[in-house]
Amino acid sequence: MAEPELLSSVQNAIRIMRQFSLDEPELGITELNKRLGISKSSIYRVLQTLCAEHIIQQNSQTKKYHLGLTAFEIGCVVYNDIQVCQVALPLLQKMHLKVLVVIQLVVYDRGTVIHLLKLPEKKETRTFNRMGKRVPANATAAGKVLLAYQNEKEIERLCSIGFKAFTPHTLTEPEVLLSELATIKKNGYAFSKEEFKVGMCSLAVPVFDEMTNQIIASISVTGPKEIISPSQINIYLSEMRMYSRLISEQLGLDMMK
């Protein structure tokens with residue numbers, strides 16, 4: 001079967017929109033041109049089209065662009081359609097009453113992880129990954145848990161590309177990472193010590209689909225290394241594993257309705 005013909009204008013629009021992030025919410029035409037190699041005139045036309053549909057908006061003062069309310073509206077449709085979020089939120093809220101650190105629900109996507117839920121979502125926890133943040137999977141406990149349960153072909157693909165280092169502790173050597181993933185799968189949890197941010201540690205467990213026994217998400221707790229240390233792992237694991245099971249069970253019940 002022949003490959004479908006793709007529209008370059010649509011591809012360019014998507015590439016442009018994907019450049020905006022929580023770290024860089026506002027970008028100009030020159031910045032987009034340097035990153036994407038698309039001509040400034042083409043970028044301008046795409047941006048004007050997206051502005052007309054309110055997907056992109058222009059800051060009248062800086063003349064730069066940022067995602068608009070229509071993009072937020074579309075994102076909310078996707079977010080609310082993710083069943084694991086609906087099931088996990090009330091359970092993780094209960095968990096947070098007992099585990100007074102940052103709790104996150106994370107999913108895997110093509111070598112990266114995306115943070116779907118974060119408790120508490122407050123200004124004082126901005127040093128941690130925010131909802132919607134995309135992070136390379138090798139750099140966090142949640143990412144390593146999700147990687148550990150991917151198929152061999154996917155892991156080989158990522159090893160052939162290579163891994164980015166964020167701190168001196170980030171696992172980037174394929175042999176070292178593969179050994180770590182095997183240990184994670186054996187123990188059922190991952191620990192990350194200052195691998196994404198110096199001074200911060202995280203602990204993560206998998207969330208499985210009871211029907212298929214496939215991993216669908218990961219629950220992680222993140223905090224300063226003084227609070228989440230190797231000696232305290234078992235204190236957090238008992239609660240994390242219990243709520244992981246509850247999420248899996250609830251998802252199974254919902255599927256049977």
Please check if the side chain of Gln150 supplies one atom and the backbone of Leu146 the other of a donor-acceptor pair under 3.5 Å. yes
Partners of Ser60 by side chain to side chain contact (heavy atoms under 4.5 Å, CB included), sequence neighbours excluded? none
For Lys40, all residues meeting salt bridge (charged side-chain N to carboxylate O under 4.0 Å, His left out), sequence neighbours excluded: none
Sorted by chain and number, sequence neighbours left out, side chain to side chain contact (heavy atoms under 4.5 Å, CB included) with Ala139 holds for Phe166, Thr170, Phe196
For Glu31 and Gly28, indicate whether the former's side chain and the latter's backbone hold a donor-acceptor pair under 3.5 Å. yes
Any side-chain heavy-atom pair of Leu171 and Phe163 under 4.5 Å: no
Is a side-chain N or O of Asp109 found less than 3.5 angstrom from the main chain of Thr112, in a donor-acceptor match? no
Please lay out, stage by stage, how Glu195 and Thr167 fare under the test side chain to side chain donor-acceptor pair (under 3.5 Å). CA-CA 6 Å; Glu195 293 173 33; Thr167 76; over 6 Å; no
Check whether any side-chain heavy atom of Pro224 lies under 4.5 Å from a side-chain heavy atom of Met200, and answer yes or no. yes
Check against side chain to side chain contact (heavy atoms under 4.5 Å, CB included), Ile247 and Ile219: CA-CA 10 Å; Ile247 292 171; Ile219 297 171; 3.7 Å; yes
Can you name the salt bridge (charged side-chain N to carboxylate O under 4.0 Å, His left out) partners of Glu24, sequence neighbours left out? Arg35
Separation of Leu203 CG from Lys193 NZ (nearest 0.5 Å): 14.0 Å
Take a 6.0 Å sphere around CG of Leu69 and say whether it holds more than 12 heavy atoms from other residues, nucleotides or ligands. no
For Ser39 and Ser41, test the side chains for any donor-to-acceptor distance below 3.5 angstrom and give the result as yes or no. yes
State, yes or no, whether a side-chain contact exists between Val207 and Ile215 at a heavy-atom distance under 4.5 Å. no
Test log, rule side chain to side chain contact (heavy atoms under 4.5 Å, CB included), inputs Leu92 and Leu105: CA-CA 9 Å; Leu92 294 184; Leu105 181 74; 4.1 Å; yes
Ignoring hydrogens and geometry, is there a side-chain-to-backbone donor-acceptor pair from Asn59 to Lys64 under 3.5 Å? no
For Glu173, what residues pass the side chain to side chain contact (heavy atoms under 4.5 Å, CB included) criterion, not counting sequence neighbours? Glu175, Val176
Cys159 SG to Leu147 CG distance, which is reported to the nearest 0.5 Å: 8.5 Å
Is it true that Ile14 and Ile56 fall in one hydrophobic cluster, defined by side-chain heavy atoms closer than 4.5 Å? yes
May I ask you to decide if Lys63's main-chain N or O and Gln58's side chain share a donor-acceptor pair within less than 3.5 Å? yes
Using the rule that two of Ile, Leu, Val, Met, Phe, Trp, Tyr join whenever any of their side-chain heavy atoms come within less than 4.5 Å, decide whether Ile216 and Met242 are in one cluster. yes
So, the side chain of Ser244 versus the backbone of Pro206: is there a donor-acceptor pair under 3.5 Å, distance only? yes
For residues 154-165, pull every pair meeting side chain to side chain donor-acceptor pair (under 3.5 Å), keeping only residues two or more places apart or in separate chains. Tyr108-Glu154, Glu154-Arg157
Contacts satisfying ring pair (Phe, Tyr, Trp, His ring centres under 6.0 Å) that involve residues 199-248 (not counting sequence neighbours) are Tyr149-Phe208
Got a donor-acceptor contact below 3.5 angstrom from the Thr70 side chain to the His54 backbone? yes
Sequence neighbours excluded, every pair satisfying salt bridge (charged side-chain N to carboxylate O under 4.0 Å, His left out) that has a member inside residues 212-231: Glu194-Lys225
Set out, in order, the CA-CA distance, both residues' side-chain angles and the distance that settles side chain to side chain contact (heavy atoms under 4.5 Å, CB included) for Ile16 and Ile43, then state yes or no. CA-CA 8 Å; Ile16 288 170; Ile43 291 173; 4.3 Å; yes
In residues 178-190, what donor-acceptor pairs under 3.5 Å come from side-chain atoms, sequence neighbours left out?
| unit_1 | atom_1 | unit_2 | atom_2 | d |
| --- | --- | --- | --- | --- |
| Glu180 | OE2 | Lys144 | NZ | 3.0 |
| Thr183 | OG1 | Ser179 | O | 3.1 |
| Asn187 | ND2 | Thr183 | O | 3.4 |

With no hydrogens and no angle check, just 3.5 Å: does a side-chain donor-acceptor pair link Ser229 and Gln232? yes
Mind checking the OG-CD1 spacing from Ser220 to Ile103? Nearest 0.5 Å is all I need. 9.0 Å
Could you list the residues that satisfy salt bridge (charged side-chain N to carboxylate O under 4.0 Å, His left out) with Arg15, not counting sequence neighbours? none
Kindly determine whether Val101 and Ile227 satisfy side chain to side chain contact (heavy atoms under 4.5 Å, CB included), including the steps that lead there. CA-CA 9 Å; Val101 292; Ile227 296 177; 3.8 Å; yes
Verify the cluster assignment for Ile235 and Val102: are they in a single hydrophobic cluster under the rule of side-chain heavy atoms below 4.5 Å apart? no
Compare all side-chain heavy atoms of Val135 with those of His115 and state whether any distance is below 4.5 angstrom. yes
Applying side chain to side chain contact (heavy atoms under 4.5 Å, CB included), name anything that partners Tyr44, two or more places apart in sequence or on another chain. Ile29, Gln48, Tyr65
Considering all heavy atoms of both residues, which atom of Thr222 and which atom of Ser202 are nearest to each other, and what is their separation? OG1-CB, 3.7 Å
Partners meeting salt bridge (charged side-chain N to carboxylate O under 4.0 Å, His left out) with Glu53 (sequence neighbours left out): none
Do the side chains of Leu50 and Met17 get nearer than 4.5 Å, heavy atoms only? yes
